[in-house]
Number of protein chains: 2
Amino acid sequence: MGAANTVNGRQPVMADVARLAGVSHQTVSRVLNDNPHVKEETRERVLLAIRELDYRPNSAARTLVTRRSQTLGVVSFDTTLYGPASMLYGIEQAARSAGYFVSIASLRSLDGRSVQEAVDRLRDQAVEGVLVIAPQTSAVGALAQVRSAVPVVAVGSGSQARVPGAAVDNEAGARAATQYLLHLGHRTVHHVAGPSNWLDAQARRAGWRSVLADAGAPVPEVVSGDWSARSGYEAGLHLLENPEVTAVFCANDHMALGVLRALNEAGRGIPGDISVVGFDDIPEASYFTPPLTTVRQDFGELGRRGLELLVAQVEGEAGTKERVLVAPELVIRGSTAAAPPAPAGG
Amino acid sequence: MGAANTVNGRQPVMADVARLAGVSHQTVSRVLNDNPHVKEETRERVLLAIRELDYRPNSAARTLVTRRSQTLGVVSFDTTLYGPASMLYGIEQAARSAGYFVSIASLRSLDGRSVQEAVDRLRDQAVEGVLVIAPQTSAVGALAQVRSAVPVVAVGSGSQARVPGAAVDNEAGARAATQYLLHLGHRTVHHVAGPSNWLDAQARRAGWRSVLADAGAPVPEVVSGDWSARSGYEAGLHLLENPEVTAVFCANDHMALGVLRALNEAGRGIPGDISVVGFDDIPEASYFTPPLTTVRQDFGELGRRGLELLVAQVEGEAGTKERVLVAPELVIRGSTAAAPPAPAGG
DNA sequence: CGTTGTCATGTGAGCGTTAACAATGCAGTG
DNA sequence: CACTGCATTGTTAACGCTCACATGACAACG
């Protein structure tokens, strides 16, 4: 052991290790790269020298000659949100176990130029592939246009994106939620949608709508929010104006929280008077008042699957899948119940 | 304009640009590095050739010769949580505007070996500095031991860490919350603390305790949670056993959410019977039932300040500050009110 | 005993860039 | 007109590594 760490005041290089071990630099390289053509005794001498000098290979030099940076890039818009943050986390873990580094670049705005700019930034860093966490239609649209010498994979960007990627089956989740509410006896289900420029919002809305249509239930007007609890609160106030509302399907949990708050304030019983369903199953959802019935999606899994897809492309594996669809799951909690008896004369 | 993008089937290099522009590769390099000793006309010819070939400099080659990777590393434990996610976001943005790339490495576990491992991983990637988002005592302790050839800065790791860093003044925030509750006339304030191995949890608890001590108020036993809403719920159930509780200061908003839920379930009025204060001011806090009085800390700002600190160290600026303390702010909402009249015979 | 093959190791070139220095041209000066 | 000085450009050598190939040793083979 030991931590000389410098040779003549500079970081040790391969030649220093070679000299100390009494071999050529190439033999050191072989040891480092697990080349089988090295005698066991020599290998140990080299490893000893490496430890003695606390030598670390220079990645820039290696990248220069191998043309492989071992780095993947992640482009994202707002990693402050629970979903994107969890996907990023999943990506990093999967990347590490696949032997890649992860470099991040966030988007200034959602237009195509910004997406191209972020991809270029990563390209400047010689990433071998790019993952994009940007579920907005505009970003995905831009993605299809992006010039990139390396593979690009979208994570959590709806299901119809033109680029390869991993996504949750939003429509199926929305259908499950809506069907469940109908089964409880509600005449119809109102919907608090996400921003219309998000693919997920579109898909959830479409799923909700298709179930109502299939069941012959009336399709109420949609109230739109921006995913925030604040916007859910406002949507809730709006829904309160209509006394016929007995069931609400919100496009995410945060908006559902806002809706719950508006209903609570107004003295409506949940689920006695009105049932509420969310989407995402954030960790707090079971501690809302009341605990929220919601559609669980596993963001971490999504990130991991996306990364696997990208690695397969980077390493040029044959028979590469282009799209992975992860199934969400309806989680039933206390915010949903059978429809209240219809008001007399309704 | 144009996107030849390849020369003889490979990425164009500086020599290709030079040939097309009719200059030497060194002149191309000068243009790229804004060297003033280039005639305007030549510069334009070179820029044209660069665009024509869609040439991008090879960062590995540049890093190899300049010994500067333009990359900073971020070590974090769980970027799924709102605080860490926001700090990471702030860091990335500040890094971009300072001209650095950001590479991430998450911790397997919280022991010293894992911290060293993550730092080494980044070091292998030739980062010029490392930011650590790991507010646990164990991680910070390990940090002080970490061997690293590059500067290390801690972000949001309490105020007494031994490494340089940016942190929120947790004690001040906790004092403000506790004082406010006492001013409202509560005889004392109960505390739902975070995990004792987090510096923030320790500091908040210390701030709370000091105010009670100074005011001569009784110091109730602390209930500890793990930051999650679930643990807050359990803490709430525990607090309900004691009828004298009229004010609760929770070490974060998620636990406060759990407490609110437990109290709501038990039919206690908030704030009529019991006042509750949180810490963090997550975006949802104003939509809890009731809206949560809490201590706001600006995580993004924290990340930016930490990054500035690191950049100053990396670029060897004189008079570098070692620590930055960001002041939190008490935000008053509907979950707090004057103490209820003391029960007769109390 | 020469030939062939295989293992273990070394040698030299080259990856694409920047740094240091050299060279050129041209204006201004005495 | 030679001489200095400055602006502009070119030439060459690193940077630290891997790849392709060369070399040497030694066993197996006919």
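Residue numbers start from 1 in every chain, and the chains themselves are labelled A, B, ... in the order their sequence lines are given, proteins ahead of strands.
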task = Grab the two heavy atoms, one from V102(A) and one from E92(A), that are nearest each other, plus how far apart they are.
result = CG2-CA, 4.2 Å

remark   = A correct 5'-to-3' footprint of nucleotides 5-14 of chain C, with B, S and - meaning base, sugar-phosphate only and no protein heavy atom under 4.0 Å, is ---SBBBB-B

inquiry  = Less than 4.5 Å apart, side chain to side chain, heavy atoms only: is that true for D124(A) and R56(B)?
reply    = yes

request  = Rounded off to whole Å, could you give me the CZ-to-P distance for the R67(B) and dA14(D) pair?
outcome  = 13 Å

request  = Can you see which heavy atom on T63(A) is nearest to which on A60(B), and at what distance?
outcome  = CG2-CB, 3.7 Å

inquiry  = Rounded to whole Å, how long is the line connecting atom CZ of R62(B) with atom P of dG16(D)?
reply    = 18 Å

query = From the list dC15(C), dT17(C), dT18(C), which nucleotide is the closest neighbour of the side chain of L64(A)?
reply = dC15(C)

ask   = Could you state the CE-C1' distance from M14(B) to dT11(D), rounded to the nearest angstrom?
value = 15 Å

message = Could you tell me how far apart L32(B) (CG) and dT17(C) (C1') are, to the nearest whole angstrom?
response = 10 Å

message = Could you tell me how far apart R56(A) (CZ) and dG16(D) (P) are, to the nearest whole angstrom?
response = 16 Å

key: Rounded interatomic separation in angstrom, taking CZ from R19(B) and P from dT11(D)   = 13 Å

ask   = Is there side-chain contact between M14(B) and P57(B), with heavy atoms separated by less than 4.5 Å?
value = no

message = So that I know where these two stand, are F299(A) and Y89(A) an aromatic pair - ring centroids less than 6.0 Å apart?
response = no

request  = Just compare dT18(D), dT18(C), dT17(C) and give me whichever is closest to any side-chain atom of S29(B).
outcome  = dT18(C)

ask   = In whole angstroms, how far is the C1' atom of dT17(C) from the CZ atom of R68(B)?
value = 16 Å

remark   = Heavy-atom closest pair (A85(B) atom, T79(A) atom, distance to 0.1 Å) is CB-O, 3.5 Å

request  = Look at the side chain of N58(A) and decide which nucleotide, out of dT18(C), dC17(D), dG16(C), has an atom nearest to it.
outcome  = dC17(D)

Check against salt bridge (charged side-chain N to carboxylate O under 4.0 Å, His left out), E308(B) and R304(B) = CA-CA 6 Å; E308(B) 283 165 18; R304(B) 288 190 289 276; over 6 Å; no

query = Tell me: CG of D34(B) to C1' of dT18(C), nearest whole Å?
reply = 15 Å

